[in-house]
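Given the structure is predicted, the values throughout are model-derived calculations rather than measurements. In what follows, chains are A, B, ... by sequence order, proteins preceding strands, each numbered from 1. Every heavy atom of this structure was used, including side-chain atoms; hydrogens, water molecules and symmetry mates were not.
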Amino acid sequence: MRKGRACARCTPWCSRGSSMAERDLPRGRIVDILARGEPGTAVRVEGWVRTRRDSKGVTFLELNDGSCLANLQAVVDAASPVASAAAAASTGSSLVASGRLVASQGQGQRVELVPAALTLLQAAPPDYPLQKKRHSFEFLRSIAHLRVRSNTFGAVARVRNALFYATHRFFQERGFIFLQAPIITASDAEGAGEMFRVTTLDLERLAREAGALDWHADFFGRKAGLTVSGQLEAEVYALAFHDTYTFGPTFRAENSNTTRHAAEFWMIEPEIAFADLADNRALAEAFIKTVIGQTRETCAEDYAFFEQRIEPGLLAKLDGLLNAPFETITYSEAIGLLEAAGEPFEFPVAWGHDLQSEHERYLAEKKIGRPVFVIDYPKDIKAFYMRMNDDGRTVAAMDLLVPGLGEIIGGSQREERLEPLRARMAALRLPQEEYDWYLDLRRYGTVPHAGFGVGFERLLMYVTGMQNIRDVIPFPRTPGHVEF
RNA sequence: UCCCCGAUAGCUCAGCGGUAGAGCGGGUGGCUGUUAACCACUAGGCCGCAGGUUCGAAUCCUGCUCGGGGAGCCA
């Protein structure tokens, strides 16, 4: 209770325009009102005006509280005591409206609200940037603090939330232990990407003074940075708990300027013990299908919006993914398919070279037409920790390629044998002393294990049809951009 | 980081050497229930910044800044 005169269930400001009975009403969420509200029921809604339409005798307000995509229509007769408040309720205004639900006389909504009380908390001025018209995503990016009030970004936020929840639920229901991997780490030699430096050194002073840096004087006594992956720590947990996963923010200081890269993103990294690459693939496929299937159910209205406005064919694409097994081909087979394709690729196709974006797109979109695992890559183009295959020249890696996006998952079976791992690290000149704890996992009770990483935002892009990662992160961080 | 493209009204864009335009949005008025409402009127501009060419530049040239797309890196 913030004011003595206000009742316990009431916001203090609503006493300006509402009777005691109305103030006693519990707040109704618009999603519930639209789904289950019965005519005759008294409700109170708190939200923002999306748009107002006036006729001679009646004003319509579209109210949104973020609980769902759809708006609740409030109908205010010209003779109503709240008519003047309704007339001032411009697009973007905040208000509290109390009244009874009635069956709608018009098309497009089952019930609507006839407010007996309408408290305009603030009438938004006419320069409210998010007017009732189409805006480009580029413009909306410049007002990230307001764009979440738009249909598209509201839908993205709700699906993002549902996907986050579905991810934890998937692993929790299977007994995985959630590892909160460290954000600050000294490990940067995985080749996963450039690290952001974490330091308490006085950089301005150091810039003025010539001389070599003494990292021992820094906070941690050595170079430290923001994590680029929680995988190595996840292996620790897998070798204690059998199944584990990390799901947290991940940072890459690469100067990447694309629709698929951000400097700060969220990554899901499961790690499973007593498991090989086939187990890993099965887990990845089950994960993708389960979380997409669940969010399809919980966010049906938002998905319908994405189908209609963002990517026509989206629902058929997702249904196709849910209903067919993922394909699996080896890297060598992929090279064969690309060589036989007869496509004018810009980059040459040759065994030993990594697959380019155009190659991945051809495989996922044209040749296979659905998600496909590419496995068993040449060892020289993959990370040191991947398990050597018996042929001695490929490793047990897997990339999941999806149409329209490319690589969405990267993973592998890990090299669990001490000597092959040490030999690989030596060949790559990795400082073994820094990985002693990692090697210990191979010394004490090692077991075959595997895992993969999912770019959470890339998955979100795939399921929503949004084509730019900057539009599926609330406040995206990319080179030169750290606003909001 | 590289390669393309762009920058004109609040937003989306047209104009491409000779007086600054449209649609949407905003404002005002009208309209017996609208829902991308509709109709009429209206306000709104250092044409990204700085140089240059020209009698004359939003328009052509150069540099810079910012934005977008593609590539690489990768999730």
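Residue side chain A/His261 reaches the base of B/C74 through a donor-acceptor N/O pair under 3.5 Å, judged by distance alone. Within 3.5 Å, a donor on the side chain of A/Ser256 pairs with an acceptor on the base of B/C73, or the reverse. A donor-acceptor contact under 3.5 Å is formed by the side chain of A/Gln109 with the base of B/U34.
Rounded to an integer number of Å, the gap from A/Glu254 CD to B/C2 C1' is 15 Å. Rounded to whole Å, the distance from CZ on A/Phe137 to C1' on B/G6 is 19 Å. What separates OH of A/Tyr128 from C1' of B/G27 is a distance of 19 Å, to the nearest Å.
Using a 4.0 Å heavy-atom cutoff across all strands shown, A/Ile409 reaches sugar-phosphate atoms only and no base atom. Heavy atoms of A/Gln73 sit under 4.0 angstrom from at least one base atom. Within the 4.0 angstrom heavy-atom criterion, base atoms lie near A/Gly106. Heavy atoms of A/Asn255 sit under 4.0 angstrom from at least one base atom. Using a 4.0 Å heavy-atom cutoff across all strands shown, A/Gln105 reaches at least one base atom of the nucleic acid. Among the atoms of the strands shown, base atoms are found under 4.0 Å from some heavy atom of A/Ser104.
Nucleotide B/A57 forms a pair with no other nucleotide shown, judged by Watson-Crick or G-U wobble geometry with both contacts under 3.5 Å. Across the strands present, B/C38 finds its partner in B/G30; the criterion is a Watson-Crick or G-U wobble pair with both atom distances under 3.5 angstrom. Pairing for B/G72 is absent, with no Watson-Crick or G-U wobble pair whose two atom distances lie under 3.5 Å. Under the Watson-Crick and G-U wobble criteria, each requiring two contacts below 3.5 Å, nucleotide B/G45 is left unpaired.
Looking at the side chain of A/Glu112, the nearest of the listed nucleotides B/C74, B/U34, B/G72 is B/U34. Nearest nucleotide to the side chain of A/Pro126, out of B/C74, B/G26, B/C11: B/G26. Checking B/A71, B/G26, B/C24 against the side-chain heavy atoms of A/Thr91 singles out B/G26 as nearest.
With sequence neighbours excluded, no residue satisfies ring pair (Phe, Tyr, Trp, His ring centres under 6.0 Å) with A/Phe305. Taking the ring pair (Phe, Tyr, Trp, His ring centres under 6.0 Å) definition, one finds that A/Phe251 meets it with nothing, sequence neighbours left out.
Taking 4.0 Å as the cut-off between side-chain N and carboxylate O, A/Arg50 and A/Asp65 do not count as a salt-bridged pair. A salt bridge does not link A/Glu264 with A/Arg252: every distance from a Lys NZ or Arg NE/NH1/NH2 to an Asp or Glu carboxylate oxygen is 4.0 Å or more.
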Can you check each nucleotide of nucleotides 37-47 of chain B against protein heavy atoms at under 4.0 Å and return B for base, S for sugar-phosphate only, - for none, in 5' to 3' order? B----------
Using a cut-off of 4.0 Å between protein heavy atoms and nucleotide atoms, how would you tag nucleotides 64-70 of chain B 5' to 3' with B, S and -? ---SSSB
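Contacts of residues 263-271 of chain A with RNA chain B (heavy atom under 4.0 Å): A/Phe265, A/Met267.
When each of A/Trp266, A/Phe171, A/Phe170 is paired with A/Phe164, the ring pair (Phe, Tyr, Trp, His ring centres under 6.0 Å) condition holds for A/Trp266 and for no other.
Taking the six-membered ring for Trp and the full ring otherwise, A/Phe247 and A/His168 have centroids separated by under 6.0 Å.
For residues 75-87 of chain A, there are no side-chain hydrogen bond (donor to acceptor under 3.5 Å, both in side chains) pairs, not counting sequence neighbours.
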